[in-house]
Structure formats: C-alpha cells, structure tokens
Amino acid sequence: MSDFLLKIQKDLLGCVKCELCKFRTSIVFGEGNPQAKLMFIGEAPGKEEDKAGRPFVGNAGKLLTKMIHSMHLKREDVYICNIIKCRPPLNRRPTVVEILACIPVLIKQIDSIKPEVIVTLGACAYQSLFNSIESISKVAGIWKVYQGISVMPTYHPSFLLRCPKFKKYVWRDLKLVMDKLRGDI
Ligand code: URA
C-alpha cells in the first residue's frame with residue numbers, strides 16, 4: 001500500500017466520528033492496487049464485510065468480482081471501497097450524517113490513488129460523491145466528472161441480484177469503461 005493510503009487507514013483506527021462505531025466489528029477501509037487505474041465505490045459494508053474487514057466479500061461482492069473478471073481484470077488490479085467504512089445496522093442506507101462524517105476518508109483515498117476512472121455502484125455512491133439527488137436510472141451509463149476523473153455511474157450488484165434483467169445495462173456501462181481505459185473514447 002502507498003504511504004499516503006497507509007496513513008489514511010492508520011488515522012481511521014478507533015474512529016468515533018459517527019454512531020456506527022458502536023455496532024461495527026471492523027472498519028472496512030478498502031483494498032486493491034494503490035495505483036489502480038480503475039476504482040469501484042459501493043455504499044457501505046454489509047455483514048460479511050464487517051466480519052472480514054474487507055469490502056465486497058458477500059454475495060454482492062461475488063457478483064462484483066465476476067463483473068471485474070468480465071472486464072479481463074482481477075480484483076488486485078483495481079481498488080474497491082465504499083462511501084462509508086462501517087456497517088449500518090441491518091444494512092440500512094447510511095444517513096446523511098454518517099456520509100458527511102465518513103466521506104472525507106473516501107476523498108483522501110481518491111486523492112491518493114488518482115484513478116483514471118471511477119465506477120460508482122448504486123444510487124448512494126453516486127449521490128454521495130456528487131452531492132446529488134438524481135436517480136440512478138437517470139445517470140447510469142452517462143459519463144460524469146469528479147475532480148477531473150471520469151466517473152461511470154451504474155447499478156449496484158445487490159440490486160442486480162434482485163433484478164437480474166438490469167445486468168445488460170451494467171455490461172453496457174462496463175464496456176464504456178473498458179473503452180475509456182484503452183483510450184478508445
Ligand atoms: N455492498 C456495498 O455497497 N459494499 C460492500 O462492501 C458490500 C456490499
């Protein structure tokens with residue numbers, strides 16, 4: 001891990017900036033290549049992630065891993081993290097207070113990794129990064145820019161597990177990301 005990422009992670013140890021610290025087993029910082037060209041941002045750790053201390057290791061994570069492989073990449077090639085680093089009870093959506101307390105960590109992670117492309121997974125990730133209320137169905141598949149970095153908003157793998165017919169849109173979006181990383185667009 002880069003020194004800057006390590007420092008961000010170290011500074012987070014014992015964090016009590018929001019109520020979620022009372023319920024967590026682990027702080028799920030994120031993992032992957034500290035120099036990744038591609039970064040995936042999800043919502044928040046779930047039960048499995050809280051137990052393992054790693055992002056996207058449950059059923060949604062298995063699907064995300066398949067999505068990454070379908071792009072001819074490995075998990076180790078990319079960087080995977082979430083908007084917030086601690087599990088909300090019963091996997092409820094993070095509150096605005098929790099997001100505002102935690103998002104500075106994500107901003108530092110982005111600053112350290114400097115990916116070429118970010119894929120936001122689901123409404124919470126997109127809306128939190130852009131401080132927006134646009135629905136994910138409106139923005140999925142449309143390039144956005146965050147601090148000079150191209151961002152592709154798409155659907156969350158948990159949603160795809162419930163509504164597999166949306167997988168074709170995610171594949172469409174991931175193909176755009178592959179083209180961008182190859183320099184085709
Ligand atoms: N869902 C997320 O948004 N993040 C995880 O790490 C796991 C499930």
Side-chain angles (χ1 to χ4, degrees), residues 1 5 8-9 12 15 18 20-21 23-34 36 38-71 73-110 113 115 117-132 134-137 139-140 146 151-164 166-167 169-170 173-174 177:
M1 208 191 290
L5 264 187
I8 304 164
Q9 186 167 19
L12 204 59
C15 177
C18 83
L20 296 181
C21 63
F23 312 105
R24 72 172 176 236
T25 306
S26 342
I27 296 177
V28 182
F29 181 67
E31 67 180 23
N33 181 348
L38 177 58
M39 182 169 185
F40 288 90
I41 304 176
E43 178 173 321
K47 191 172 177 199
E48 297 300 320
E49 290 77 19
D50 178 58
K51 219 188 317 166
R54 296 178 52 212
F56 281 99
V57 292
N59 288 336
K62 291 194 178 96
L63 182 52
L64 176 62
T65 304
K66 277 192 195 166
M67 287 159 52
I68 293 167
H69 290 168
S70 76
M71 301 172 82
L73 293 168
K74 299 190 285 291
R75 273 179 78 112
E76 307 81 74
D77 297 325
V78 303
Y79 195 84
I80 305 171
C81 63
N82 287 298
I83 293 287
I84 66 162
K85 312 305 189 204
C86 297
R87 181 192 180 209
L90 302 171
N91 298 344
R92 63 156 169 75
R93 195 184 158 128
T95 65
V96 173
V97 170
E98 290 156 2
I99 292 168
L100 289 178
C102 211
I103 206 156
V105 179
L106 175 70
I107 292 169
K108 285 185 213 158
Q109 285 174 299
I110 295 172
I113 295 159
V117 176
I118 293 173
V119 174
T120 55
L121 301 165
C124 176
Y126 172 77
Q127 293 172 346
S128 306
L129 193 63
F130 287 94
N131 193 17
S132 159
E134 284 172 297
S135 74
I136 185 66
S137 57
V139 294
Y146 173 82
V151 178
M152 176 53 67
T154 196
Y155 295 97
H156 195 287
S158 301
F159 172 70
L160 297 182
L161 291 173
R162 296 192 304 274
C163 301
F166 279 78
K167 281 185 182 175
Y169 301 115
V170 174
D173 303 344
L174 296 182
V177 170

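Since we're looking at a predicted model, the values are computed, not measured. Order of listing sets the numbers, starting from 1, for every ligand and every atom in it.
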Would Q109 and K85 count as a side chain to side chain donor-acceptor pair (under 3.5 Å) if you check the C-alpha gap in whole Å, the side-chain angles of each, and the deciding distance to 0.1 Å? CA-CA 12 Å; Q109 285 174 299; K85 312 305 189 204; 2.7 Å; yes
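- For atom 5 (C) of ligand 1, the choice among G30, P157, A44 with the nearest heavy atom turns out to be A44.
- Between F130 and Y146, the ring planes are perpendicular. Angles over 60° get that label, and only those under 30° would be called parallel.
- Applying the ring-ring contact (aromatic ring centres under 6.0 Å, His included) criterion to F40, with sequence neighbours excluded, gives no partner residue.
- From the protein, the heavy atom lying nearest to atom 4 (N) of ligand 1 is N82 OD1, 2.7 Å.
- Checked against a 3.5 angstrom limit, the closest N/O atoms of G46 and ligand 1 fall outside it.
- For E98, the salt bridge (Lys or Arg N to Asp or Glu O under 4.0 Å) partners are R92, not counting sequence neighbours.
- Judged by distance alone, the side chain of S132 and the main-chain N or O of E134 form a donor-acceptor pair under 3.5 Å.
- Contact annotation for E43 and ligand 1: heavy atoms of both the backbone and the side chain come within less than 4.0 Å of the ligand.
- Every atom of ligand 1 with a heavy atom of G42 under 4.0 Å away is listed here by number and element: 3 (O).
- For ligand 1, the atoms lying closer than 4.0 Å to a non-hydrogen atom of H156 are 1 (N), 2 (C), 3 (O).
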